[in-house]
Participant: 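Attaching a single structure in structure tokens format; questions to follow.
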Amino acid sequence: MEKKTAVVSKDANVEAKGSSGGSLFATIVIPVAIFACFLIYIFVLGNGANFEGGDNENHPLPGNYLGIVYKGGYVVPILMSLVLLVLIFSIERTLTISKAKGTKSVAGFVRLISLKLNQRDVNGAIAACDTQKGSVANVVKSGLLKYKEMQNDTELLKAEKIAAIQKEIEESTSLELPMLEKNLVIISTIASISTLTGLIGTVLGMIKAFSALAASGTPDATALSNGISEALINTALGVTGSAIAIIAYNYFTSKIDELTYSIDEAGFSIISTFAAQHETAAPANTTARQQTI
């Protein structure tokens, strides 16, 4: 019992360490991305060369999109930050999920494990896990180690052994899945708030445009059109960020589901093979007791 408790505590520490690492990455990346986008907004988009008379208070030069985006206001760098964060976390998730798959095809790995077990080569299956590496291989290896342990156990019934193997696979899966799903909540949050942030920028820009028109006292269609187009920059950026985030979130969710399915398939193969290859037998101590009676 003490040994089992120590193992669970160790697993919990590993999970906490991985969670802390992911949180640290997000804590550093988010403010850095926002700061970088504000610098780009001020010094690149707001460069006087993009505006009439070399002053960013004037209208943008015809066809100069950098100046046009700058006129969207200070909501623009926030929207740029959201798009940049989606790209950064998408790259991070791509690398993590790619590493979780292992060195070779996951489907081929699952077939190899099933083949090794059908040949009663448990050690060969464990060696295949060491070669494959990644989250799927880690879970399968945990199940195989328990499989090997149950083969040598003479105290438990067959049903109890199968339950022990299944529990080991489930616990290993619960430790690996949080690493795969980490930071996806940030992408899903950006997908929800990007469009709303863009609409806020648009509304603020429209208020500013109509206020300037009211102050001038004379209708100026050109000035009003420029003000509206500049305000709509925020909507365009917000919708773009939201669309990219939704696509990224659904893509990574589908990839994680594929890995989960592979883990389930491998786990089912391990359990069904154990059930097929090991006959139900009474525990040794029960048999001895019956013989004594």
Participant: Sequence neighbours left out, what pairs pass side-chain hydrogen bond (donor to acceptor under 3.5 Å, both in side chains) with at least one residue falling in residues 193-203?
Facilitator: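 For residues 193-203, and leaving out neighbouring residues, the side-chain hydrogen bond (donor to acceptor under 3.5 Å, both in side chains) pairs sorted by first residue read Thr195-Ser242, Thr202-Thr235.
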Participant: How far does NZ of Lys158 sit from CZ of Phe274, to the nearest 0.5 angstrom?
Facilitator: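 It is 8.0 Å, given to the nearest 0.5 Å.
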Participant: Testing the basics here: between Ile187 and Ala248, what is the closest heavy-atom pair and its distance to 0.1 Å?
Facilitator: CG2-CB, 4.2 Å
Participant: For residues 37-64, which residue pairs pass the salt bridge (charged side-chain N to carboxylate O under 4.0 Å, His left out) check, not counting sequence neighbours?
Facilitator: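 Found none.
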Participant: Is Val203 isolated, or which residues cluster with it under the ILVMFWY side-chain rule of less than 4.5 Å, directly or via members?
Facilitator: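 Its cluster partners, ordered by chain and number, are Ile207.
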Participant: Where is the tightest heavy-atom contact between Ala125 and Ile113, given as atom of each residue plus distance?
Facilitator: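 Closest pair (atom of Ala125, atom of Ile113, distance): O-CD1, 3.5 Å.
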Participant: Check side chain to side chain donor-acceptor pair (under 3.5 Å) between Ser262 and all other residues, then give those that pass, not counting sequence neighbours.
Facilitator: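 Partners of Ser262 under the side chain to side chain donor-acceptor pair (under 3.5 Å) test: none.
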Participant: Show the numbers, then the answer: is there a side chain to side chain contact (heavy atoms under 4.5 Å, CB included) between Asn47 and Leu66?
Facilitator: CA-CA 9 Å; Asn47 192 309; Leu66 295 179; over 6 Å; no
Participant: To the nearest 0.5 angstrom, please state how far the CD1 atom of Ile233 sits from the CG atom of Leu45.
Facilitator: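 If we round to the nearest 0.5 Å, Ile233:CD1 and Leu45:CG are 10.5 Å apart.
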Participant: Establish whether Phe109 and Leu115 are linked, either directly or via other cluster members, by ILVMFWY side-chain heavy-atom contacts under 4.5 Å.
Facilitator: no
Participant: Taking distance alone, no hydrogens or angles, what donor-acceptor pairs closer than 3.5 Å link side-chain atoms of residues 72-92 to residues at least two apart or in another chain?
Facilitator:
unit_1	atom_1	unit_2	atom_2	d
Ser81	OG	Pro77	O	2.7
Ser90	OG	Val86	O	2.6
Glu92	OE1	Asn183	ND2	3.3
Glu92	OE2	Thr96	OG1	3.4

Participant: Is it the case that one hydrophobic cluster holds both Ile263 and Ile256, taking links as side-chain heavy atoms less than 4.5 Å apart, direct or via other members?
Facilitator: yes
Participant: Of all heavy-atom pairs between Leu259 and Ala100, which one has the smallest distance, and what is that distance?
Facilitator: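 Looking at all heavy atoms of both residues, the shortest contact is CD1-CB, 4.1 Å.
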Participant: Excluding sequence neighbours, so at least two apart, what forms side chain to side chain donor-acceptor pair (under 3.5 Å) with Ser172?
Facilitator: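 Checked Ser172 against side chain to side chain donor-acceptor pair (under 3.5 Å); matches are Ser142.
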Participant: If you take all heavy atoms of Ala49 and Asn64, which pair is closest and at what distance?
Facilitator: O-ND2, 4.3 Å
Participant: Is the CZ atom of Phe51 crowded by more than 12 outside heavy atoms at less than 6.0 Å?
Facilitator: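 Yes, the 6.0 Å shell around CZ holds more than 12 heavy atoms from other groups.
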Participant: Is there side-chain contact between Phe268 and Ile271, with heavy atoms separated by less than 4.5 Å?
Facilitator: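 The answer is no, as the side chains (C-beta and beyond) never meet within the 4.5 Å cut-off.
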Participant: Does any non-hydrogen side-chain atom of Asn50 lie less than 4.5 Å from one of Leu61?
Facilitator: no
Participant: Could you check whether any side-chain N or O of Tyr41 sits under 3.5 Å from a backbone N or O of Tyr70, counting only pairs where one atom can act as donor and the other as acceptor?
Facilitator: yes
Participant: Output all residues satisfying side-chain contact (heavy atoms from CB on, under 4.5 Å) with Thr189, sequence neighbours left out; order by chain, then residue number.
Facilitator: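 If we apply the side-chain contact (heavy atoms from CB on, under 4.5 Å) test to Thr189, skipping adjacent residues, the hits are Val185, Ile193.
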Participant: Is it the case that over 12 heavy atoms from other parts of the model lie below 6.0 angstrom from the OH atom of Tyr251?
Facilitator: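 No.
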Participant: Nearest 0.5 angstrom please: Ile165 CD1 to Glu160 CD, how far?
Facilitator: 12.5 Å
Participant: Going by side-chain contact (heavy atoms from CB on, under 4.5 Å), name the residues that satisfy it together with Asp153, two or more places apart in sequence or in a different chain.
Facilitator: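 Partners of Asp153 by the side-chain contact (heavy atoms from CB on, under 4.5 Å) criterion, ordered by chain and then number, come out as Met150, Glu155, Leu156, Lys161.
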Participant: Once side chain to side chain donor-acceptor pair (under 3.5 Å) is applied, do any residues pair with Ser135, and if so which ones, sequence neighbours excluded?
Facilitator: Glu176
Participant: With a 4.5 Å heavy-atom cut-off, do Leu184 and Arg93 have their side chains touching?
Facilitator: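 Yes - at least one pair of side-chain heavy atoms lies under 4.5 Å apart.
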Participant: Mind checking what makes side chain to side chain donor-acceptor pair (under 3.5 Å) contact with Thr260, not counting sequence neighbours?
Facilitator: none
Participant: So, using salt bridge (Lys or Arg N to Asp or Glu O under 4.0 Å) as the criterion, who are the partners of Lys116 when residues are at least two apart?
Facilitator: Asp121
Participant: Taking all non-hydrogen atoms of both residues into account, name the closest pair between Gln277 and Tyr147 and its distance.
Facilitator: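 Looks like OE1-OH, 3.3 Å.
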Participant: Shared ILVMFWY cluster between Val69 and Ile34, side chains joined below 4.5 angstrom?
Facilitator: yes
Participant: So, taking the atom named CG in Asn250 and the one named CD1 in Ile247, what distance separates them when rounded to the nearest 0.5 Å?
Facilitator: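 Answer for the CG-CD1 pair, Asn250 versus Ile247, is 8.5 Å.
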Participant: Could you measure the distance from the OG atom of Ser192 to the OH atom of Tyr249? Nearest 0.5 Å is fine.
Facilitator: 9.5 Å
Participant: With hydrophobic residues grouped by side-chain heavy-atom distances under 4.5 Å, do Val140 and Val106 end up in a single group?
Facilitator: yes
Participant: Nearest 0.5 Å please: distance from the CZ atom of Phe25 over to the CD1 atom of Ile30.
Facilitator: 9.5 Å
Participant: Within the distance-only criterion (no hydrogens, no angle test), does the side chain of Ser114 pair as donor or acceptor with the backbone N or O of Val110 below 3.5 angstrom?
Facilitator: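 No; judged by distance alone, with no hydrogens or angles, the pair does not exist.
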Participant: Under 3.5 Å, side chain of Ser272 to main-chain N/O of Ser269, donor-acceptor pair present?
Facilitator: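 Yes, Ser272 side chain to Ser269 backbone: donor-acceptor pair under 3.5 Å.
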Participant: What residue pairs, at least two apart or across chains, pass salt bridge (charged side-chain N to carboxylate O under 4.0 Å, His left out) with a residue in residues 127-149?
Facilitator: Asp130-Lys141, Lys146-Glu149
Participant: Under a single-linkage definition using a 4.5 Å side-chain heavy-atom cutoff for Ile, Leu, Val, Met, Phe, Trp and Tyr, are Leu95 and Val29 assigned to the same hydrophobic cluster?
Facilitator: no
Participant: To check you understand the geometry: which heavy-atom pair defines the closest contact between Val122 and Leu144, and what is its length?
Facilitator: CG1-O, 4.1 Å
Participant: Looking only at atom types and distance, does a side-chain atom of Gln132 sit under 3.5 Å from a main-chain N or O of Lys101, one as donor and one as acceptor?
Facilitator: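 The answer is yes, because a donor-acceptor pair under 3.5 Å joins these two groups.
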